Student: 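Below you'll find the structure I mean.
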Amino acid sequence: MADFDLSANFIPSLHKPASLLPIARHRQNLLYLIETFPVTIVVGQTGSGKTTQIPQYLEQAGWCSDGKVIAVTQPRRVAATTVAVRVAEEVGCEVGKEVGYSIRFEDVTSAATRIKFLTDGLLLREALVDPLLSRYSVIMVDEAHERSLSTDVLLGVLKKILKRRPNDLRIIISSATLQAEDFLRFFMGDEDSQPKSNALSLDELISQGSSGPIDDGFGGKTGRIISLEGRMYPVDVLYLESPAENYVDKAVQTVFDIHTKEPDGDILVFLTGREEIDTAVQAISERAANLHPRAQQIMPLPLYAGLSTEQQMYIFEEAPENTRKVIFSTNIAEASITIDGILYVVDTGFVKLRAYNPLTGIETLTATPISKASATQRAGRAGRTKPGKCFRLYTEASYQALSEATIPEIQRSNLAPVILQLKALGIDNIARFDFITSPPAELVIRALELLYSLGALDDYAKLTKPLGTRMAELAVEPMMAKTLLSAPSFGCLSEILTIAAMTSLGGNVFFHHDGEKKKMETARRKFAVEEGDHITLLNVYQAFITKGQKGSKFCHDNFLNFKAMTRAVSIRAQLKRYLERFGLSVDETLSSNPNLQKPLTVGGKDKGEQIRRCLTSGFFAHAAKMQPDGTFRNVAGGTVLHAHPSSLMFNRKADWVIFHEVMETGTKTFIRDVTKIEKRWLVEYAPDFYKIS
DNA sequence: GAGCACTGC
């Protein structure tokens, strides 16, 4: 490109321009494929209109005529709601009438609803009640290429359902990348799963526009792949000639090069986390001060999930005159948040990924090289409004060495919740369940062991009744589910309900603006108790419902996250409904003690102790002992654990503790939500797990 | 002294 003189050490490489044909051209072909085959794989770029148009085509073609519903699943709640709103507008109805959505805590559907958007996790929940998902004539799984845990489980369940409903159910899998063949092969089943030796190439398999579907061997009677063009502009991709030593420095340098040498247009930089982003924003601010006052200015903005919605909104605002916006973002901008007006993407080539170590039971969070699919997705963010450029801060050889796609979550997660859910759906033999990608055996074994030790599974790995079935129905992780279900016998169900709701907020309870860290600490101390974090969280909730629920002032004064607290109220109410359905009554009078910082006694027993005993009955696998140096060791003794700085145990003395969560980041392993217990309780509540020594 | 992104009738 003639105007490219940014820096000699970038090598240009052209991206294939996408045409701008609308999806309407494919309408007849799409309907033909969906009518003819049980499974249709739709490969559609961003802006192809697949999510909004396909459900409408289906509805108009009569797929809802006998009162059936079209379901479209999304991996994220926001996507389900925003797409529903847009489609309702196009159809010309109110949301919740012909077009609706359903996400946890928000069911905006009615008897009139024909097109329903929902999260894939929620559709899986529906399968617990209606195992064949019989109210749906078509189920479209959107964004399947993201391969989230729920999407993968749902795909396996849908394949099973399809065998029972071969004639009246249609499945559409929509995916942005060319993993289409994998999805189709997955659904092809046993008869025709072996592609014939004369199998056609992928290009031939894809049914192109008006040329009509090809009736070759691949896909057999199962399905076809159709490709839709997106409304994307070409993006020039440029690589480094030699690797960068420090990608944060290199990113800052590249941003300045773009700023001084390239035409107007905002910049999006992909980094891995908050710390890097803050560093980069700081560096840009400092260097921006040296810009000539009359030269174009530069405005750095951070973007990560930990920011409040208000702070995230800044990135959508138009920059002041004569100012270029540069957004430093985590992976959140790769799929979850779309920003218009980006002409330049700077891709450092890294992402922080979660993984679960089945040997230690510890989750890790580490910066990892991205996949080619990710790199393509990131580059595409530069071509949404006009032709753009993507600067990859790695060499073309490094790019070639990247894996094709990110390892799906099902291969790197704690599978205890997944397996519990599958068992509840009547899938007993996990080893023979048809996963699109099988999880490693070690992960499955570890999960089965944990579920067995919690009493959710019997000696034959069958779900126990009622404990196992009830645990599966509760929307909390297995250890917390067990804690909740044993709470009645400790006389502290109301309190454990609150603790379950608060811990599921995931550390978002306290919240502070810049420079108010100390004040936040002081505020937190007001709720703190000797026993640890769990009862402290209980106190926070109690104070919130008695003083703070009506307005956000109480939260503001106490450095609490109002949105998170409101969510805790919803979660608690939902969990309570489940427990009452199980016939467990929740006595709320006991929990209204105004001063939990004083030891509570109920019926001669110390309430705080009952709560801690109850927590031990569910979290015995998460036990640790404090060492003289203030760190913790797990029971096996091998792993050094640190109390997370947000924990009360960060600077207090303890002996034995249980914790809600453990995660390794960088070089340290942190435990969060930590509560003191007695060693003998471990043996008392988990005699099989802790052999008496 | 500090955690990527999601999610559950």
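These numbers come from a predicted model, not from an experiment. Numbered from 1 within each chain, the chains take letters A, B, ... in sequence-line order.
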Student: Using heavy atoms to find the nearest nucleotide of DNA chain B for A:Thr665 and A:Tyr578 separately, return the residue whose nucleotide is more 5′.
Tutor: A:Thr665
Student: Please assess A:Arg114 against A:Ile70 for the test side chain to side chain contact (heavy atoms under 4.5 Å, CB included), listing each intermediate value before the final yes or no.
Tutor: CA-CA 6 Å; A:Arg114 296 287 163 259; A:Ile70 297 160; over 6 Å; no
Student: Parallel, tilted or perpendicular for A:Phe510 and A:Phe527, by the 30°/60° rule?
Tutor: tilted
Student: Rounded off to whole Å, could you give me the CE-to-P distance for the A:Met480 and B:dG8 pair?
Tutor: 18 Å
Student: What is the separation between atom CG on A:Asn508 and atom C1' on B:dA2, rounded to the nearest whole Å?
Tutor: 13 Å
Student: To the nearest angstrom, how far is A:Ile571 atom CD1 from B:dT7 atom C1'?
Tutor: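 Computing the A:Ile571:CD1 to B:dT7:C1' distance gives 11 Å.
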Student: Can a side chain N or O of A:Thr119 be found less than 4.0 Å away from OP1 or OP2 on B:dG8?
Tutor: yes
Student: Output the rounded distance in Å from NE2 (A:His145) to P (B:dC6).
Tutor: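 Taking NE2 of A:His145 and P of B:dC6, I get 14 Å after rounding.
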Student: Where the side chain of A:Ala305 is defined as all heavy atoms beyond and including C-beta, which of B:dA5, B:dG1, B:dT7 is the nearest nucleotide?
Tutor: B:dA5
Student: I need the CG-C1' distance between A:Leu648 and B:dG1, as an integer number of Å.
Tutor: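 So the CG-C1' distance, A:Leu648 to B:dG1, works out to 15 Å.
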Student: Describe the nucleic acid contact of A:Glu363 in one word from base, sugar-phosphate, nothing, applying a heavy-atom distance below 4.0 Å.
Tutor: nothing
Student: When you match A:Thr272 and A:Gln574 each to their closest nucleotide on DNA chain B, which lands nearer the 5' end?
Tutor: A:Thr272
Student: Touch check for A:Arg104, heavy atoms < 4.0 angstrom, all strands: base, sugar-phosphate only, or nothing?
Tutor: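 Answer is base: heavy atoms of A:Arg104 come under 4.0 Å of a base.
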Student: Pick base, sugar-phosphate or nothing for A:Ile332, based on heavy-atom distances below 4.0 Å to the nucleic acid.
Tutor: sugar-phosphate
Student: Say you draw a straight line from CD1 of A:Ile436 to CG of A:Leu154; how long is it, rounded to the nearest 0.5 Å?
Tutor: 11.5 Å
Student: Would you indicate what A:Phe105 reaches in the nucleic acid, counting non-hydrogen atoms under 4.0 angstrom: base, sugar-phosphate, or nothing?
Tutor: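 If one applies the 4.0 Å heavy-atom cut-off, A:Phe105 turns out to touch nothing in the nucleic acid.
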Student: Taking the cut-offs as 6.0 angstrom to the six-membered ring centre and 45 degrees off its axis, would you call A:Arg392 and A:Tyr394 a cation-pi pair?
Tutor: no
Student: Which is true for A:Ser150 with a 4.0 Å heavy-atom rule: it touches a base, it touches only sugar-phosphate, or it touches nothing?
Tutor: nothing
Student: Looking at B:dG8, B:dA2, B:dC6, which one has an atom nearest to any side-chain atom of A:Leu122?
Tutor: B:dG8
Student: Rounded off to whole Å, could you give me the CD-to-P distance for the A:Gln74 and B:dG8 pair?
Tutor: 12 Å
Student: Kindly say if A:Ser336 contacts the phosphate of B:dA5, meaning a side-chain N or O under 4.0 Å from OP1 or OP2.
Tutor: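 So the side chain of A:Ser336 is outside the cut-off, no N or O lying under 4.0 Å from OP1 or OP2 of B:dA5.
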Student: Nearest whole angstrom, please: distance from the P of B:dG8 to the CG of A:Leu505.
Tutor: 14 Å
Student: Calculate the interatomic distance between A:Ile671 atom CD1 and B:dA2 atom P; express it in whole Å.
Tutor: 15 Å
Student: Indicate the ring-plane relationship of A:His534 and A:Phe619, choosing parallel, tilted or perpendicular according to the 30° and 60° boundaries.
Tutor: tilted
Student: Taking the minimum atom-to-atom distance to the side chain of A:Ala475, which one of B:dG8, B:dC6, B:dG1 wins?
Tutor: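 For the A:Ala475 side chain, the nearest candidate turns out to be B:dG8.
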